[in-house]
Amino acid sequence: MKTPVKATLIAIAVAIVLAIVGIVGIVYAMSQRAAAPAPLEGEKLQTVRTDSHILDQGGADALTVVEFLDFECEACGAFYPIVEDLREQYAGDITYVVRYFPLPGHINSTQAALAAEAAAQQDRFEDMYHRLFETQSQWGEQSQETPEVFRGFAADLGFDMTAYDAAVADPATLERVQADKSDGEKLGVRSTPSFFIDGEPVVLEAWGDLETAIEKAVSD
């Protein structure tokens with residue numbers, strides 16, 4: 001076997017192994033998720049607020065699906081295409097809500113949330129939501145924060161950059177992000193993504209569990 005061909009085959013094999021390890025790691029992380037504690041009897045915990053970001057508004061009888069996410073979380077990135085498929089599949093049947101839950105182990109998670117919230121102030125939340133997940137591999141797992149990367153996304157998307165910069169620098173924007181996380185902690189969220197359907201937590205043990213839970217709730 002010629003050396004260049006052999007090197008190419010080895011490189012492909014290594015890439016496949018790394019991909020498998022990555023998937024196994026994500027699945028393991030899902031399996032280790034702590035279950036959200038049940039609320040006290042008679043207590044109704046709040047999964048949605050009036051300022052929550054709604055990606056899809058369903059009909060009057062629609063289910064409300066809430067996702068607490070961290071834009072840097074690999075599991076959230078893995079669920080992103082699944083969520084997009086479900087949003088299309090159940091259009092009109094679900095109201096889809098996104099809430100921030102930046103994890104301390106992710107250096108850029110808060111910066112990404114600030115970028116999304118600054119985008120929301122220009123009615124462009126969903127545009128930034130897509131851009132962050134589509135580019136996660138480019139800015140995730142860094143050793144230091146890279147706010148200039150997110151500013152570049154805002155410029156590429158045609159945002160008002162003066163307003164964007166002001167929003168990112170405004171302490172109220174960070175408070176808005178932290179308010180979502182505080183609600184999530186009260187709901188028992190410990191990791192991301194965490195989903196709720198009409199206020200009830202969804203237990204994730206396999207990739208299809210979210211779809212199964214939505215399908216069951218829609219058909220009930």
Side-chain angles (χ1 to χ4, degrees), residues 26 29 46-57 64-84 86-88 94-187 189-196:
I26 291 172
Q46 192 161 12
T47 57
V48 182
R49 293 189 180 274
T50 56
D51 62 354
S52 294
H53 299 306
I54 299 175
L55 296 182
D56 299 307
Q57 182 68 63
T64 298
V65 181
V66 178
E67 177 183 3
F68 283 87
L69 60 76
D70 174 341
F71 287 109
E72 192 173 353
C73 165
E74 290 183 345
C76 293
F79 261 97
Y80 168 68
I82 297 173
V83 166
E84 292 305 294
L86 292 175
R87 288 177 58 197
E88 181 177 356
I94 63 174
T95 292
Y96 202 86
V97 181
V98 171
R99 305 196 66 183
Y100 307 115
F101 200 84
L103 297 170
H106 293 151
I107 300 298
N108 264 320
S109 58
T110 297
Q111 288 295 325
L114 290 175
E117 187 57 27
Q121 294 180 27
Q122 298 188 41
D123 296 323
R124 300 287 300 277
F125 175 84
E126 187 164 359
D127 292 334
M128 185 61 81
Y129 162 87
H130 289 303
R131 181 62 62 91
L132 290 171
F133 277 129
E134 290 165 359
T135 62
Q136 186 191 73
S137 62
Q138 299 174 25
W139 53 265
E141 303 300 324
Q142 300 298 310
S143 59
Q144 59 185 8
E145 293 182 339
T146 57
E148 67 279 0
V149 171
F150 307 118
R151 191 177 191 278
F153 295 158
D156 290 343
L157 291 168
F159 289 5
D160 178 332
M161 295 309 297
T162 299
Y164 175 87
D165 290 339
V168 170
D170 188 347
T173 306
L174 178 58
E175 290 173 4
R176 169 66 183 78
V177 171
Q178 292 173 332
D180 268 8
K181 186 171 186 182
S182 177
D183 277 355
E185 290 170 343
K186 292 174 184 175
L187 288 160
V189 174
R190 297 292 179 268
S191 58
T192 56
S194 285
F195 297 93
F196 293 80

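Any value given below was found using the heavy atoms of this structure, including those in side chains, with hydrogens, waters and symmetry copies removed.
Here the side chain of Gln136 pairs a donor or acceptor atom with the backbone of Cys73 at under 3.5 angstrom. Of the possible polar contacts, one joining the Glu72 side chain to the Glu141 backbone as a donor-acceptor pair under 3.5 Å is found. Side-chain atoms of Thr173 do not come within 3.5 Å of backbone N or O of Val168 as any donor-acceptor pair. Not one N or O on the side chain of Arg87 forms a donor-acceptor pair closer than 3.5 Å with the backbone of Asp56. A donor-acceptor distance shorter than 3.5 angstrom exists from the side chain of Arg176 to the backbone of Asp51, with no hydrogens or angles considered. Between the side chain of Asp180 and the backbone N or O of Tyr100, at least one donor-acceptor pair lies under 3.5 Å. Put simply, the side chain of Gln142 gets close to the backbone of Gly140: a donor and an acceptor are under 3.5 Å apart.
The NE2 atom of His106 sits 13.5 Å away from atom CD of Glu145, with the distance rounded to the nearest 0.5 Å. Going from atom CG of Leu157 over to atom CZ of Arg124 covers 5.5 Å, rounded to the nearest 0.5 Å. One finds the OG1 atom of Thr110 at 11.5 Å from the CZ atom of Phe71 (value rounded to the nearest 0.5 Å). A distance of 10.5 Å separates CG in Asp127 from CZ in Phe125, rounded to the nearest 0.5 Å. Between atom CZ of residue Phe133 and atom CD of residue Glu84 there is a gap of 9.0 Å, rounded to the nearest 0.5 Å.
For Glu88, the CD atom is loosely surrounded, since the number of other residues' heavy atoms within 6.0 Å does not exceed 12.
Legend: side chain to side chain donor-acceptor pair (under 3.5 Å) pairs involving residues 152-172, not counting sequence neighbours, sorted by first then second residue: Arg151-Asp165.
Ring planes of Phe150 and Trp139: perpendicular class, angle over 60° (limits at 30 and 60°). Aromatic ring orientation, Phe195 versus Phe79: tilted (interplanar angle from 30° to 60°).
For the pair Ile54 and Thr95, the tightest heavy-atom approach, listed with the atom from each and the gap, is CG2-CG2, 3.9 Å. Heavy atoms only, all atoms of each residue included: Arg99 and Ala179 are closest at NH2-O, 4.4 Å. The nearest pair of heavy atoms linking Val189 to Ser194 is CG1-OG, 3.6 Å. Nearest heavy atom pair, residue Val177 against residue Glu117, reads CG2-CB, 4.4 Å. Smallest separation of non-hydrogen atoms from Ala119 and Phe159: CB-CE2, 3.4 Å. Between Cys76 and Pro193, the shortest heavy-atom contact is SG-N, 3.5 Å.
Side chains of His53 and Tyr129: a donor-acceptor N/O pair is absent below 3.5 angstrom, by distance only. In summary, the side chains of Asn108 and Thr146 do present a donor paired with an acceptor at a separation below 3.5 Å, with no hydrogens or angles considered.
Comment: Glu175 does not engage Lys181 in a salt bridge, judged by the lack of any side-chain N to carboxylate O separation of less than 4.0 angstrom.
Residues satisfying the side-chain contact (heavy atoms from CB on, under 4.5 Å) criterion with Gln178, sequence neighbours excluded, are Leu174. Not counting sequence neighbours, Asp123 has no partner by the side-chain contact (heavy atoms from CB on, under 4.5 Å) test.
When Leu103, Val83, Val98, Leu132 are each tested for a side-chain contact (heavy atoms from CB on, under 4.5 Å) with Leu69, only one passes: Val98.
A 4.5 Å side-chain heavy-atom check between Phe196 and Val48 finds every atom pair outside the cut-off.
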Test side-chain contact (heavy atoms from CB on, under 4.5 Å) applied to Glu67 and Val97, step by step: CA-CA 6 Å; Glu67 177 183 3; Val97 181; over 6 Å; no
Step-by-step side chain to side chain donor-acceptor pair (under 3.5 Å) determination, Gln57 to Tyr96: CA-CA 7 Å; Gln57 182 68 63; Tyr96 202 86; over 6 Å; no
